[in-house]
Number of protein chains: 2
Amino acid sequence: MSVDQAAKRDIPDATVARLPGYLRALGQLTVQDVLSVSSEELAHSAGVSSAKLRKDLSHLGSYGVRGVGYDVAHLTYQISRALGLTHDWPVVIVGMGNLGRALASYGGFATKGFKVVALLDRDPQLVGERLDELTVQPMGELVSLVTPGEACIGVIATPAASAQDVADLLVAAGVSSILNFAATAIQVPEGVHMRKVDLSTELQILAFHEQQRSASVADELLEGAG
Amino acid sequence: MSVDQAAKRDIPDATVARLPGYLRALGQLTVQDVLSVSSEELAHSAGVSSAKLRKDLSHLGSYGVRGVGYDVAHLTYQISRALGLTHDWPVVIVGMGNLGRALASYGGFATKGFKVVALLDRDPQLVGERLDELTVQPMGELVSLVTPGEACIGVIATPAASAQDVADLLVAAGVSSILNFAATAIQVPEGVHMRKVDLSTELQILAFHEQQRSASVADELLEGAG
DNA sequence: ACGCTCTTGTGAACAAATGCACAAAGTCGC
DNA sequence: GCGACTTTGTGCATTTGTTCACAAGAGCGT
Ligand SMILES: NC(=O)c1ccc[n+]([C@@H]2O[C@H](COP(=O)([O-])OP(=O)(O)OC[C@H]3O[C@@H](n4cnc5c(N)ncnc54)[C@H](O)[C@@H]3O)[C@@H](O)[C@H]2O)c1
Ligand SMILES: NC(=O)c1ccc[n+]([C@@H]2O[C@H](COP(=O)([O-])OP(=O)(O)OC[C@H]3O[C@@H](n4cnc5c(N)ncnc54)[C@H](O)[C@@H]3O)[C@@H](O)[C@H]2O)c1
């Protein structure tokens, strides 16, 4: 058993970040009743190179068959296990504005190893409102919803100004992983995992590349003229 | 001027991905009327190490003053320029469901160098609906909205099943940068930039770390017992 | 049984990113 | 002016990630 866990222990971050993409591609193959897939094909559907895919999978163990490829069902299981998706993780969403509602009504959670267990907002006007099986609760309920020591994922969908306060409340209640949608950096204590999803960052990165493109076009014109 | 552009030309990807975060931290300092900031302070607000921040900024040029720090306004300008945010980029959003509406009504675009110029959906029921100054238009309007050669950013907020089709339409219309919110990998031709924002990927990465944590706790218990 | 074909898994080379540590270059008090 | 002090910018070592290229292994037809 120690071998098994040791194998999981040092999966590179870059690999972990790509595993969900492989899982999704495998899911599409599953519904198409495809039983087996080569690294080349799977890599193409996931949008990576086949060498990268094979190296990534080699970190989980040796689950392919040389000359044949990977068994779709078995690989799906192995990746799910590596990611810790063999059981559902509870998720609480804080902030029931435009984004929070969209997230709450988004069905993609349940099928992927997560279960939204609570929706919270500090606005008394929103508390009590029903959204897809769940009732919006006041912030005070947080401590009774989260059991310290038991893993729980917190999602922040409040305005940037409240994000740090909400993060502090989540951490105090015992949440150890936070996904932040607010457009601000938040500080969390050591031991709490934090990731952010940020629209404007992504757009700005795209803008950078667009600008590079137009700059190089301009340069080529100048070079042609000079 | 060639020197200037050469300096911008090879900013590492990892640096580009962090620049928006610095810009945001600088924005907060600006509203607080802070005029100057050290790498240590700015790095802390942006959630990175000061060495990383300095190395990142050094790729843009030498805009700090030794012994003092960085001028907030000037650094803001330089980063904006490096990212290509000195003028607004047009953005079209396709898919006016839960997420698309949240994005459309999100004010964060305008202040950050972007302007939503069109909302599109294929559902005739939604076409014609007004959302914040804009009317939802049918997909056929795409070609008349985008001018090939002029940069435009396309945002995909349709279900996964339609994402590839929508991407193809956007590319055909002349869009050269795409931000994909749909939970699927899409293929775009060489020369088109594509980035994705994906909730379930992020949650799965958090789940991995939670699982690592519980695995190591279990290990420690075993070790203590053995 | 054997050789042919196919595809995995991985060592080794390469590239990118990070972190360290300090010289260089500025400010400020005197 | 000058020396003490502060903070930047960067060369270098280290770590992390990617790509290449191919040996090892599995299936299949004969
Ligand atoms: N809407 C989008 O498309 C979008 C896109 C990208 C990022 N974001 C970010 O997501 C966040 C939410 O966006 P939105 O459009 O849903 O905002 P919103 O204003 O519609 O909703 C925010 C909600 O958070 C609640 N709230 C505020 N402070 C709180 C606190 N301290 N504790 C608990 N609840 C609190 C408010 O009552 C409100 O219901 C913002 O930070 C925004 O920048 C939104
Ligand atoms: N809602 C969320 O919180 C959330 C979170 C993460 C990811 N996502 C992803 O974002 C996407 C959209 O989610 P949603 O909840 O808004 O879905 P939705 O079903 O509410 O809306 C989808 C919209 O896209 C339109 N559409 C469908 N096919 C189209 C096509 N070919 N061309 C143009 N328009 C088309 C539909 O008419 C509909 O209005 C999904 O892929 C989902 O996985 C959503």
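None of these values were measured; they are calculated from a predicted model. Order of the sequence lines fixes the chain letters, A, B, ..., with proteins taken first and strands second; residue numbering starts at 1 for each chain.
Applying the side chain to side chain donor-acceptor pair (under 3.5 Å) test to pairs two or more places apart or on separate chains, those with a residue in residues 168-181 of chain A are A/Gln164-A/Asp168, A/Ser176-B/Glu210, A/Ser177-B/Glu210. Sequence neighbours left out, the pairs with a member in residues 173-197 of chain B that pass salt bridge (charged side-chain N to carboxylate O under 4.0 Å, His left out) are A/Glu202-B/Arg195. Applying the salt bridge (charged side-chain N to carboxylate O under 4.0 Å, His left out) test to every pair with at least one member in residues 34-52 of chain B, sequence neighbours left out, gives no pairs at all.
Residue B/Ser50 is out of contact with every strand shown, counting any heavy-atom pair closer than 4.0 Å.
As rounded to whole Å, 18 Å separates atom P of C/dC6 from atom OH of A/Tyr70. As a whole-Å value, the separation of B/Leu57 CG from D/dT10 P is 11 Å. Whole-Å rounding puts the A/Arg54 CZ to C/dC6 P distance at 15 Å. Here C/dT8 presents its C1' atom at 12 Å from CG of A/Leu75, a figure rounded to the nearest Å. Rounded to whole Å, the distance from CG on A/Leu53 to C1' on C/dG9 is 12 Å. Note: CG (B/Asp56) to C1' (D/dG9) measures 13 Å, nearest angstrom. Going from atom CG of B/Asp13 over to atom P of C/dT18 covers 11 Å, rounded to whole Å. Going from atom CG of A/Leu60 over to atom P of C/dT10 covers 12 Å, rounded to whole Å.
Counting only distance, with no hydrogens or angles, the side chain of B/His59 and the backbone of B/Lys55 share a donor-acceptor pair below 3.5 Å. Side-chain atoms of A/Arg18 never come within 3.5 Å of backbone atoms of A/Ala46 as a donor-acceptor pair (strictly under, hydrogens ignored). For the pair A/Gln211 (side chain) and B/Arg81 (backbone), a donor-acceptor distance under 3.5 Å is present. Side-chain N or O atoms of B/Ser162 include none that pairs as donor or acceptor with a backbone N or O of B/Thr158 at under 3.5 Å. Looking at A/Thr15, its side chain never comes within 3.5 Å of a backbone N or O of A/Ile11 through a donor-acceptor pair.
Take B/Thr184 and apply the side-chain hydrogen bond (donor to acceptor under 3.5 Å, both in side chains) test, not counting sequence neighbours, and it matches A/Gln28. Listed by chain and number, the residues in a side-chain hydrogen bond (donor to acceptor under 3.5 Å, both in side chains) with B/Ser39 are B/Arg54 (sequence neighbours excluded). When the side-chain hydrogen bond (donor to acceptor under 3.5 Å, both in side chains) test is applied to B/His44, no partner is found at least two apart in sequence or on another chain. Partners of B/Arg24 by salt bridge (Lys or Arg N to Asp or Glu O under 4.0 Å), not counting sequence neighbours, listed by chain and number: A/Asp198.
Mapped onto DNA chain D by nearest heavy atom, A/Ala51 and A/Pro12 fall at different nucleotides, with A/Pro12 at the one closer to the 5' end.
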Would you mind writing out the side-chain donor-acceptor pairs for residues 85-94 of chain B within the sub-3.5 Å range, not counting sequence neighbours?
unit_1: B/Trp89; atom_1: NE1; unit_2: B/Gly84; atom_2: O; d: 2.6

Pairs: protein N or O with nucleotides 11-14 of chain D N or O, under 3.5 Å:
unit_1: D/dG11; atom_1: O6; unit_2: B/Lys55; atom_2: NZ; d: 3.2
unit_1: D/dC12; atom_1: N4; unit_2: B/Lys55; atom_2: NZ; d: 3.3

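A/Asp56 and A/Tyr22 share a side-chain donor-acceptor pair at under 3.5 Å.
Of all the residues in residues 14-25 of chain B, B/Ala14, B/Arg18 reach under 4.0 Å from DNA chain C with at least one non-hydrogen atom. Within residues 35-43 of chain A, the residues approached by DNA chain C to less than 4.0 Å at the level of any non-hydrogen atom are A/Ser38, A/Ser39, in residue-number order.
When the nucleotides C/dG9, C/dG19, D/dT19 are ranked by their closest atom to the side chain of A/Lys52, D/dT19 comes out on top.
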Does the protein touch nucleotides 24-30 of chain C at the base, only the backbone, or not at all? Give it as B, S and - per nucleotide, heavy atoms under 4.0 Å.
BBBS---
